[in-house]
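Note sheet for the following structure.
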Amino acid sequence: MQREATHAVAPAVPVPAAKLGMWWFLASEIVTFGGIIVAYLVFRLAHPQWLEEAAHLSVPIATFNTLVLLTSSLTMVLAFAAVDRGDERRVATWLALTVALGLVFVLVKAYEWRHEIAAGRVPGESGFWGFYYGMTGLHALHVLGGVVVNACLLIAALRRRLEPIAHRVEMAGLYWHFVDIVWIFLFPLLYLSTH
Amino acid sequence: MSETSGPQAAHAVHPAPQGFVRRYLFSTDHKVIAKQYLAIALFWAVVGGLSAFLIRWQLAWPGEPVIGSGLLPEAFWDGDSWLAQSLQYGSIPAEFYNKLFTMHGTIMVFFVAMPLLLGALGNFLIPLMVGARDMAFPRLNMLSVWTLAVASVILLISFFVPGGAAASGWTAYPPLSAVPELSEVNWGQNLWLIAVALEFASFLMGGINFLTTTVNLRAPGLSLFRLPIMVWFQCIAAVLFMLSVGPLIAGAVMLLLDRLAGTSFFIPSGGGEPLLWQHLFWFFGHPEVYVIMIPGMAAALEILPVFSRKPLFGYRLIVYATFAAGFLSFIVWAHHMFQSGMDPRLAMPFSITTILISVPFALMVFAMIATLWGGVIRFPTPMLFALGVLGVFIMGGLSGIFNGSAPADIYIHDTYFVVAHFHYTLFAATFFGGFAAIYYWFPKMFGRMLNDTLGKIHFWWTFIAFNATFLPMHLVGLGGMMRRIANPLNYDFLQPLQPLNVWISISAFVLMLGQLVFVVNFFWSLVAGRRAEANPWQANTLEWSTASPPPHHNFDTIPTVYRGPYEYSPPGVAEDWLPQHRPLVGGPAATA
Amino acid sequence: MLRWLPESVSTFSGDIDALIRLIYYTVGAWFVLTFAVILIFLVRYRYRPGRRAVYLPGNTLAQSAWVLVPGLVVLLLDIGIDIYGERVWEAVKLHQPPAAVQVRVTGKQFAWEVLYPGPDGRFGTADDRQLNGELHVPVHQVVHVTLGAEDVIHSFFLPHLRLKQDALPGRQLTVWFEATVPGTYPLVCAELCGTGHTGMFGRLIVHTPEDYQAWVKAQWPSS
């Protein structure tokens, strides 16, 4: 209308609302995991004897699981790339692989837990095991949540109904990579720092 | 989140849903959701007020049967109903007293202040003030209010499980809160943790909505520094909450594991560290009090310019000062822990940051006072309550200096001085700020005016009774009376303070009684109040540019914004106001 | 207002009171000043027909100086209070003079247990003596209290000595005081510790030197 009018037209930041919301959500997730990780580090430094307890954990199994989760991040990216190309069949394939790998991760985790518990290393055994079960449990719940979300998208893709909600694959991907990154922190902190 | 593929989609007009359930229960309309938050807050305010009544009864007349309990027959008190079990023949045993103040704090902070100041005000005002049709994520918004409803039900149930409600204070310090045998509360504390964690989840969702809506859905021309202070402050509060609550969510999970899975994060006998909880709690807890206070202050900052017919003094300065206060609030938490046994060398750095935080808040107060200077001030009810925020908050800020100084805190810590202090700050925000907001935005929310005479009676009653209650409480604290003791008469050195305790309790009862004036006014005006025009206060911000109450889609056409929100009495304009959306034809452009 | 403070009977209680007094007069002055200004503005600038408000957005530096300068004064006063407070904190919590008397005080639900090392001055020997809720000390002597807790967090609070310290389970903390006036004073728990919290208290008995010797004699007659 006139000069004083509309030099700043909303939205000022060209980020889609869903992505912006997802970033805010992940910011709050970062401080949640950050809080528990910092608490763990402080305890760990104060208790050198946790070294021996951490030595009970199986590094090969966890390494395998790390590879599983990293691969699932790759398949997630490929699913997103397929969304960009509009190739719904490929989206379904990559999403199915992501879901499967997520489930493998959780099952391996469950096997590990069973093994530790059978050996008497229950959550109340010591501070280390409290943190071990607390941190990996919280993380596994996040993996499960991601698996459920990805499975919903997979079903939509299989029924050829993904088109209107295709942008959600990117949101699910952001979340999935975040869960992956958390594991990248947990893996060395719990399994590898035994020397 | 499909409704959010772009601002155009969110700006599309949807017809209002028909049918009671979609319209009032599972509504995605931010205005309805705001009313749902308001209803939850008012419900809990009654419960919180009742617990305050019992607390003050016990402190004035320890062990005496509560007034009215004699009306129930002896047989009732012999019975095993919940009430008969909680009160022993009408008088309050220590174990129930501990539950009362625990739940009073929990309810007032998490279930009254936050739903009222963030849930109701933020939800109602942000889309209207930024000129949007609704929130960015309307269904997430509905999910957040229903999560709060579930949290409310769980908290309510916790009163009635065997062992009763939580009794370890709203701060839930372990080991008392971590080992059921120590507090003699079992499921009450578990449910407390679950309810509070759900409440956090609810407000995280709300915060995501606040921020995304403000960033993405602003009307054309509404640049960041043309946003009303209320929108700024809601967003700053949302950021503070988001960045601080995570560690406490982790802490709540850990505490629940300590209680249920046999871990020992916080239990020293198993190698845990009780102070860890205090760090996690207060790292959240201090930003949290600003999460509450900032929107309460914002209500006053919105109202003062309108009834002084003057621009808000130092708009940008206020925004920057609040950013500074928000930032500082992350590095002051240990001032709650000066006597906790943490390394005493840490106390002075935290004391310094704490006392420094008075500077941004002082700037805010001075800006409010400067807004009054040279104005044309009228005193309708919203203005009275806004001035109430100012006055009460000054008092609360000043008494905070005592607490913030680590050596003075040696004596004052955990006494009633602290209780008086945080009621001066949080009561100022929640009730004076909340009432100011309700009296001011009620016409927009419900399309009718609240009665101004009843409003003025309500204000003076509340203001006088509030000060009569909490001013002497400082003295009780200086006299050395500890918080959370069920019976001050047990202590010889507290005997001389007892008349003061009686006075405080009577004043508190008067204060509660005064709220009936508001209840009557609220419901009477809802049905029979004078119909409100679109802009009864001649205010500038966008919410007043649409009808009262606004239609389902808020604005028939999305307004275009030409200037800042506080252009009152601008030069070159005949009226003493200039709405944000009104184009100015010719003459000097009064931009801000 | 400050006359509500209990009698002050330790070497550092006067310092803490002085700090409280300093803050009291500082904030009291601000209180009077700000409320006077607010009231003057509200009366002077109340609505009168035909008057137009001053257009003053306060966005320029010259205008915001009206706010920034008082803010600066607040900052300077803050720094003053901090500097004064630092000295007091140093004296009470950081610097511990050598002990003449040592005791261990342990909080448990819901009592204070006081353990004396006996004439040999060492804990864990046969002549240790435990008292329930009674802390006997000589006047004008530095007393070290080693605090601990059995179950939950308690807070060791001696109002008349202006001394407060939380007692943590699993940790020993040492606080000190030197009483200046003989007499009997309350020793209470200031941290919520459970259902019996309100009944958790004991006494601090500050003896004159002769009385204290007599009390020691009565407790450990053999030595």
Side-chain angles (χ1 to χ4, degrees), chain B residues 94-95 169 173 175-176 182-184 268 274 309-311 313-314 317 339-341 344 347-348 351-352 355-356 358-359 362-363 366-367 369-370 372-378 394 398 401-402 405-408 410-411 413-414 475 478-480 482 484-487 490-491 493 569-571 576, chain C residues 1 4-6 16 19-20 23 27 30-31 34 37-38 41-42 45-47 51-59 64 66-67 70-71 74-75 78 81-82 85-86 88-89 92-94 151-153 155 159 162 164-166 168-171 173 186 188 190-192 194-195 197-199 201:
Chain B
E95 58 196 283
Y173 280 9
L176 185 63
L182 293 175
S183 65
E184 297 168 39
R309 310 313 287 169
K310 258 196 79 203
F313 188 92
L317 188 73
Q339 324 309 331
S340 72
M348 277 329 283
S351 187
I352 289 167
I355 292 191
L356 281 186
S358 65
V359 174
L363 290 180
F366 296 146
I369 297 173
L372 297 173
W373 181 85
V376 178
I377 304 170
R378 288 186 205 247
I394 290 174
L398 292 175
I401 302 281
F402 291 87
S405 166
I410 296 173
Y411 179 66
H413 179 70
D414 266 333
L475 305 181
L478 282 181
M482 299 78 73
R484 296 170 169 179
I485 52 168
N487 189 347
N490 272 351
Y491 302 84
F493 79 111
S569 309
D576 58 359
Chain C
M1 173 165 150
W4 289 87
L5 285 166
I16 291 181
L19 178 65
I20 292 177
I23 300 175
V27 304
W30 275 104
F31 180 81
T34 45
V37 171
I38 291 172
F41 284 5
L42 290 182
Y45 300 110
R46 71 185 182 279
Y47 169 80
R51 204 167 58 77
R52 192 177 168 92
V54 182
Y55 180 78
L56 183 75
N59 282 335
S64 43
W66 286 101
V67 166
V74 170
L75 179 66
D78 283 353
I81 290 170
D82 274 331
E86 160 69 38
V88 180
W89 184 258
V92 180
K93 292 265 178 166
L94 295 181
D151 33 43
V152 300
I153 300 173
S155 189
R162 311 287 187 268
K164 188 182 287 136
Q165 175 64 57
D166 285 7
L168 294 166
R171 183 118 55 105
L173 296 160
V188 299
E191 182 73 62
L192 174 65
T195 39
H197 171 52
T198 192
F201 51 84

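In this text the structure is predicted, and so the values were computed from the model without any measurement. FYI, side chains are in, hydrogens and waters are out, and symmetry mates aren't considered; it's all heavy atoms of this structure.
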Heavy-atom cut-off 4.5 Å, strictly under: side chain, backbone, both or neither for C/L75 against chain B?
both

Please flag which part of B/I394 lies under 4.5 Å from any non-hydrogen atom of chain C: side chain, backbone, both or neither.
side chain

Atom group of B/P344 that falls short of 4.5 Å from chain C, counting heavy atoms:
both

Is it true that atom CZ of B/R378 has more than 12 heavy atoms of other residues, nucleotides or ligands lying nearer than 6.0 Å?
no

Just verifying a value: how many Å separate B/M482 CE and B/D414 CG, rounded to the nearest 0.5 Å?
9.5 Å

Proximal component of B/A408, with respect to chain C [non-hydrogen, under 4.5 Å]
both

Which atoms of C/I16 are under 4.5 Å from chain B, going by heavy atoms: the side chain, the backbone, both sets, or neither?
side chain

Side chain, backbone, both or neither: which part of B/S405 has a non-hydrogen atom closer than 4.5 Å to chain C?
side chain

Considering residues, nucleotides and ligands other than B/W373, do more than 12 of their heavy atoms fall under 6.0 Å from its CH2?
no

Where on C/I23 is there a heavy atom nearer than 4.5 Å to chain B: the side chain, the backbone, both, or neither?
both

What part of C/F201 lies closer than 4.5 angstrom to a heavy atom of chain B: side chain, backbone, both or neither?
side chain

Side chain, backbone, both or neither: which part of B/E95 has a heavy atom under 4.5 Å from chain C?
both

Against chain C, label B/F402 side chain, backbone, both or neither, depending on which of its atoms sit under 4.5 Å from a heavy atom there.
both

Select one option (side chain, backbone, both, neither) describing which atoms of B/L363 are under 4.5 Å from chain C's heavy atoms.
both

Any chance you could measure B/I410, atom CD1, to C/K93, atom NZ, to the nearest 0.5 Å?
5.0 Å

With a 4.5 angstrom heavy-atom cut-off, which part of B/F313 approaches chain C: side chain, backbone, both or neither?
both

Using a 3.5 Å distance criterion without hydrogens, assess whether the side chain of C/R171 forms a donor-acceptor pair with backbone atoms of B/G341.
yes

Roughly how far apart are B/E184 CD and B/L176 CG, rounded to 0.5 Å?
9.5 Å

